[in-house]
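Read the structure below first, then the notes.
Residue numbers begin at 1 in each chain, while the letters A, B, ... track the order of the sequences. It should be emphasised that the depicted structure is a prediction, and the values quoted were computed from it without experimental measurement.
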Protein chains: 2
Amino acid sequence: MIPLSYGLLGLLARQPLSGYDLAQYMKKRVAPMWSALPSQIYPELAKLEAQGMVTHHVVEQHDYRPDKKVYEITKAGREALRHWVTEPTPVTTLRDEFVLKAYSLWLADPHEALTRFREHEQAHSQQLADYEALLARLRREWGSALDQMNSPLFGSSIAIHYGIGYERHYVHWCRQVIEQLEQQLHGEQAAREEEPSSRPSSEQSS
Amino acid sequence: MIPLSYGLLGLLARQPLSGYDLAQYMKKRVAPMWSALPSQIYPELAKLEAQGMVTHHVVEQHDYRPDKKVYEITKAGREALRHWVTEPTPVTTLRDEFVLKAYSLWLADPHEALTRFREHEQAHSQQLADYEALLARLRREWGSALDQMNSPLFGSSIAIHYGIGYERHYVHWCRQVIEQLEQQLHGEQAAREEEPSSRPSSEQSS
DNA sequence: AAGTCCATGTAACCAGTTACATGATTGC
DNA sequence: GCAATCATGTAACTGGTTACATGGACTT
């Protein structure tokens with residue numbers, strides 16, 4: 001039982017879904033806290049079934065589409081999930097290649113660095129907007145039911161809140177760095193304009 | 001060349017270090033953005049050397065301690081690092097088991113949930129304090145040199161700033177959830193005190 | 001006596017990614 | 001004609017973790 005197993009159980013605890021559906025959920029958005037590809041999900045579902053955590057029944061579709069296996073969580077699965085949720089969890093160590101690059105940013109050309117940080121600022125702003133839109137939609141549709149702890153919506157709500165906080169921080173950080181890089185460049189430019197030829201310090205020329 | 005390779009080069013670009021030293025750096029703190037164990041680092045250094053990114057020379061220690069290999073970055077290594085830094089980087093997907101658990105928190109006992117969130121709030125507050133102390137130390141020792149982009153300190157500074165922002169967000173999120181859980185419990189308690197026997201709604205008894 | 005620090009590794013395992021396979025149908 | 005959607009998988013690879021090995025000296 002790896003985290004992904006519980007991720008799948010966490011979705012199936014809300015509604016029955018096919019492997020394909022689960023793959024859609026795990027691919028992007030919705031849950032801002034994990035991701036997986038079909039090639040991992042299908043075998044994992046088989047394992048969950050072997051362990052009695054889920055069952056499936058085949059649903060024939062009378063149009064062109066292929067049959068699908070719709071999975072449901074079992075009592076054992078729900079219990080395992082409930083147990084896992086309140087078990088102690090070690091703190092995750094960060095693994096973000098972009099942040100790792102930041103550590104060596106002093107070696108980079110400031111212009112290129114700016115481009116990269118603007119790209120990431122953009123991407124995370126977009127993700128932030130998506131999360132905020134999703135939360136707004138949930139609020140509109142369900143109102144204060146989001147705060148009732150016994151409802152699945154509570155789980156969605158706090159997960160999205162995490163995503164929002166994370167993306168805000170990320171965007172803020174990118175902007176901070178961008179500002180510093182721009183100042184650096186303006187400083188250089190000002191120096192060049194004052195004295196076109198190479199001279200390191202800020203002495204006044206004759 | 002995996003991210004770890006560049007993490008190691010990023011450290012060696014600042015000063016020569018032994019495998020053991022590198023393992024210490026990668027184990028905890030300092031760089032809040034990656035981690036690795038000796039069992040991965042030593043073979044990785046051998047690969048880096050085979051590729052001409054680093055060289056080593058053995059340093060005999062005249063006390064009891066075993067000899068060590070001190071690694072230095074080569075011109076090729078520095079170039080590879082510089083190139084990698086400004087290459088586009090895909091946005092990292094989050095993988096935090098604790099956040100994944102949050103998604104299914106509606107299944108949990110509120111008391112246990114509170115305990116877990118208080119633990120994490122505590123752990124991340126500590127990490128935050130550590131980063132802040134580290135930044136304060138650098139500021140004290142180096143002053144505004146931290147903002148000079150061409151100095152390694154700039155890389156350290158922005159990496160630590162990332163860590164601070166991340167931990168702040170994490171602590172904030174934990175507190176938010178804790179507050180909601182506490183309200184939930186107080187609501188329950190108030191209901192119990194009003195009418196000790198089980199009754200679902202807020203009707204007045206005769 | 002037991003555990004930690006210094007210092008360098010090897011071997012086995014496993015979660016997650018990449019690549020590939022199948023096949024009907026709908027939309028551009 | 002070509003790509004995408006629906007639907008389910010297998011096979012190979014790889015980055016990272018866990019476990020194990022060595023060995024002297026210093027600390028509790």
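Both A:S18 and B:P66 lie near DNA chain D, and the one whose nearest nucleotide falls closer to the 5' end is A:S18. Comparing B:V70 and A:K47 by the nucleotide of DNA chain C that holds the closest heavy atom to each, the one mapping nearer the 5' end is B:V70. Across the interface with DNA chain C, nearest-nucleotide mapping of B:P38 and A:A36 shows B:P38 to be the residue nearer the 5′ end.
Ring orientation note: the planes of A:Y170 and A:H124 are close to parallel, at an angle under 30° on the 30°/60° scale.
Look at OH on A:Y25: it is 13 Å from P on D:dC6, rounded to the nearest Å. As a whole-Å value, the separation of B:M1 CE from D:dT14 C1' is 16 Å. The CD-C1' distance, from A:Q24 to D:dT8, rounds to 13 Å in whole Å. In this structure, the CD atom of A:Q40 is 14 Å from the C1' atom of D:dT14, given to the nearest Å. The CG atom of B:L4 sits 16 Å away from the P atom of D:dT14 (whole-angstrom rounding). Rounded to an integer number of Å, the gap from B:L45 CG to C:dA7 C1' is 13 Å. One can place CG of B:D67 at 11 Å from C1' of C:dT8, the figure rounded to the nearest angstrom. Whole-Å rounding puts the A:E44 CD to C:dA15 P distance at 8 Å.
For A:W173 and B:Y162, the ring centers are positioned less than 6.0 Å apart.
The B:Q61 side chain lies nearest to C:dC6 when the options are D:dG9, C:dC6, C:dG16. Distances from the side chain of B:Y64 to the nucleotides D:dG15, D:dG24, D:dA7 place D:dG24 closest. Closest contact between the side chain of A:W34 and the listed nucleotides C:dA7, C:dG16, D:dG15 involves C:dG16. The side chain of A:I2 lies closest to C:dG16, out of C:dT10, C:dG23, C:dG16. The side chain of B:K68 lies closest to C:dT8 when the candidates are C:dT8, C:dA15, D:dC6.
Between B:R118 and B:E121 there is no salt bridge, since no side-chain nitrogen of the basic residue lies less than 4.0 Å from a carboxylate oxygen of the acidic one.
Residue A:L37 is in base contact, counting any heavy-atom pair closer than 4.0 Å across all strands shown. No contact: A:D63 has no heavy atom under 4.0 Å from any strand.
A:E79 meets the side-chain contact (heavy atoms from CB on, under 4.5 Å) test with A:R82; sequence neighbours excluded. The side-chain contact (heavy atoms from CB on, under 4.5 Å) test applied to B:Q183 returns B:E179, not counting sequence neighbours.
Contact check, A:R95 against D:dT17: a side-chain N or O comes under 4.0 Å of OP1 or OP2. Put simply, B:Y42 has a side-chain N or O that comes within less than 4.0 Å of OP1 or OP2 on C:dT8. For the pair A:Y20 and D:dC6, the criterion of a side-chain N or O lying under 4.0 Å from OP1 or OP2 is met.
Remark: the backbone N or O of A:M53 is paired with a side-chain donor or acceptor of A:T74 at under 3.5 angstrom.
Judged by atom type and distance alone, A:S39 reaches the base of C:dT18 through a side-chain donor-acceptor pair under 3.5 Å.
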